[in-house]
There are 2 protein chains.
Amino acid sequence: MTARARVKIKDVATLAGVSTATVSRALSAPDSVGPATRKKVMEAVKATGYRINSAARDLRQRRARSLLILAPNLSNTFFSRIFAAVQEEASSVGLTVQISDSRIGRDRLLSLGYDGRADGIVLLDGGLDPEVVNGWRLPLIQLSEWNDAYDAPRLGIDNHAAAGLAVDHLVGLGHRSLLHVNGPEENVLAITRRQGFLDAASRNGAEATVFPGDFTLESGAEAARRWAGLDNRPTGVFCASDECALGFVSECIRLGCDVPGDVSVVGFDDIDFADRFVPSLTTIHQPRLEMGRAAVKQVVAMMQGTPKVEADATGTPPERIEAALVKRASTGPAPA
Amino acid sequence: MTARARVKIKDVATLAGVSTATVSRALSAPDSVGPATRKKVMEAVKATGYRINSAARDLRQRRARSLLILAPNLSNTFFSRIFAAVQEEASSVGLTVQISDSRIGRDRLLSLGYDGRADGIVLLDGGLDPEVVNGWRLPLIQLSEWNDAYDAPRLGIDNHAAAGLAVDHLVGLGHRSLLHVNGPEENVLAITRRQGFLDAASRNGAEATVFPGDFTLESGAEAARRWAGLDNRPTGVFCASDECALGFVSECIRLGCDVPGDVSVVGFDDIDFADRFVPSLTTIHQPRLEMGRAAVKQVVAMMQGTPKVEADATGTPPERIEAALVKRASTGPAPA
DNA sequence: CTGAAAGCGCTTACAG
DNA sequence: CTGAAAGCGCTTACAG
């Protein structure tokens, strides 16, 4: 392990007494060279400690063997399992993974889709400039969040229907007055879940209120304080995210209220802490491993030239992932 | 935005009526070309929508403008803020970030340090084969976890002393019998925290017990069940991680015990949920943003040839980040 | 200030 | 089965 100059294919070729072309072939398609040659090359590789320079190979082959994940906030715990799933699936087909925050400058963002370092994109942000996204010349899939102006297939759960599951659950427990703590105003997930909440409440003939929020713990706590100040407190609460719901629940407890005795709370996502919180959180489960894996498969298929699947006649995006309500301890019968 | 062939520097040069060398210079060092030439080139760039092919530039310059982060578990919430900090800091100096799981095959792992796609590594895993790590020919910094057999500088808090802070806090509250829920057997952080716990307990003349664990929520819950079965239950518990501590606390509550009435619990890390849990968690704060930023600065300095800072005479690693005890609601006076 | 030419380290038709 | 040569898309001494 002494420090040595980087060995390149030419060094191996010289040592083995063959051409670089033969070394290249012996390494990438062993069957295409003679057994004796193969042996000589392999010995030279071992003796020199040669490892291929991927950057050079990538340039020559005009592909990077790399996937780019773009997310609006790398420290969001909702994403971490998706990252892990994407990494695992990508790795299994020989691709490396780059992760970047999608909220970087417009110019830098534009470059990402052009610079020859990635050959596919998994986009977790529905809030980017469509001109930038559509300007990229790379296979791309929208995961979780989406934007109708992006010209790319999407993958995710049915957020509208999922919100309905939460409402139906609360109504089934006897709650007649419902509160929704919203996500960020412009966020497509928030908009869809909110609409799903309103539609389901109306369908069930329940009273519906909406408080602002932004998916965070703190916004949930803030909503709880506001809720506590109400004259007629809704008894069933549906939060746009688990973090928000956990913030809501913990602030309620801090204020001396009982969950679910005084108020039932439902979250969204089923992050790891949801079933460890006290009380454990009733929520909508999003299968994040499955989402990450499916996204990679889809984008890899696109890289290999599979034609995009189009939305069917009803406008339903073709790639639906099943979400489900998980009943836990934060919801119970409405107080008498 | 019609689909068009990728435009390269030659196309720009032709349109502007100059050589590719001049285009290259106009773009990377505008002052080195004449104003009129510069203008012609810029117009041609705009007209063609040219964007540089980074892969080609990287190969020619023999650097990748990219940092590689290696972590043993991408879905671990402790890492997410570090990732975000690294990304932010790297981005501010023009570097992209690749993230990879460090628990991939040995061969694939070895390649990462050789393949010309990264020019620096931030390593968050102390459990890799030192031969592989030392075989890499790239500036590398160990962050959080470390391994004495790695030939690279490290950055992190003083885990031994931090464990002492937790113990002193519990002893100060009157706890005389202490329990530690350990991290994974072989993990250097776990070993160091455990030793810090034992040394501080002994220094304080407190009784000390250690249960196995692995940093996870579930292992904390398991330890709580085991604790509950004890005849003489320790009243002060120090867990090797926040997740473990939250698992311990929630299982205690589930078993009908009061925290901190019956048992005080201290965690380690100060993850986002620590202050939102009910009760909020007393823990050791690790400044993860600072850690991520400092790691990037250090590895960038190494890339620019700054000589490694050596450990001083006392053997103290030079790059210490301050950890601190954060007192919250999960700890209180020992029961009478 | 600008251009012709070499070269970063590979792969791949093409020819034999 | 193997090699000579071209080329992936850039940058950079070198010369003028």
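In the text below, chain A, chain B and the rest are named by the order of the sequence lines, each starting its count at 1.
Between chain A and DNA chain C, the heavy-atom contact criterion of under 4.0 Å yields a 5' to 3' nucleotide range of C:dG9 to C:dA13.
With B:Gln87 contributing its side chain and A:Leu74 its backbone, the two residues share no donor-acceptor pair below 3.5 Å. A donor-acceptor pair is defined here as one N or O able to donate and one able to accept, closer than 3.5 Å; no such pair exists between the side chain of B:Trp146 and the backbone of B:Val188.
For the C1' atoms, the distance from C:dG16 to C:dT12 is 16 Å, rounded to whole Å.
In this structure A:Lys10 satisfies the salt bridge (Lys or Arg N to Asp or Glu O under 4.0 Å) test with no other residue, sequence neighbours excluded. Checked against side chain to side chain contact (heavy atoms under 4.5 Å, CB included), A:Leu112 has the following partners two or more places apart in sequence or in another chain: A:Leu68, A:Leu70, A:Ser100, A:Ile104, A:Leu109. Remark: A:Glu89 pairs with no residue by the side-chain hydrogen bond (donor to acceptor under 3.5 Å, both in side chains) rule, at least two apart or across chains. With sequence neighbours excluded, no residue satisfies salt bridge (Lys or Arg N to Asp or Glu O under 4.0 Å) with B:Glu290. With sequence neighbours left out, the side-chain hydrogen bond (donor to acceptor under 3.5 Å, both in side chains) criterion links B:Arg293 to B:Glu88.
Atom CG of B:Asn53 is separated from atom CZ of A:Arg62 by 9.0 Å, given to the nearest 0.5 angstrom. Distance check: B:Arg288 CZ to B:Ile157 CD1 gives 11.5 Å after rounding to the nearest 0.5 Å.
Among residue pairs with one or both ends in residues 99-112 of chain B, those qualifying as salt bridge (Lys or Arg N to Asp or Glu O under 4.0 Å) are A:Arg51-B:Asp107, B:Arg103-B:Asp125, B:Arg106-B:Asp129, B:Arg106-B:Glu131; sequence neighbours excluded. Applying the side-chain hydrogen bond (donor to acceptor under 3.5 Å, both in side chains) rule to pairs touching residues 12-21 of chain A yields A:Ser19-A:Thr22, sequence neighbours excluded. Screening residues 29-39 of chain B for side-chain hydrogen bond (donor to acceptor under 3.5 Å, both in side chains) gives B:Lys39-B:Glu43 as the qualifying pairs, with residues at least two apart or on separate chains.
Of the N and O atoms on the side chains of B:Ser66 and B:Thr96, at least one donor lies less than 3.5 Å from an acceptor on the other residue.
Interface residues of residues 27-35 of chain A facing DNA chain D, ordered by number: A:Ser32, A:Val33, A:Gly34; criterion, heavy-atom separation under 4.0 Å. Within residues 57-64 of chain A, the residues approached by DNA chain D to less than 4.0 Å at the level of any non-hydrogen atom are A:Leu59, A:Arg60, A:Arg62, in residue-number order.
DNA chain C is contacted by both A:Arg25 and A:Lys8; A:Lys8 maps to the nucleotide lying nearer its 5′ end (nearest heavy atom per residue).
Scanning DNA chain C for stems, defined as runs of 3 or more consecutive Watson-Crick or G-U wobble pairs whose donor-acceptor distances all fall under 3.5 Å, gives the following ranges: C:1-3 with D:14-16, C:5-12 with D:5-12, C:14-16 with D:1-3.
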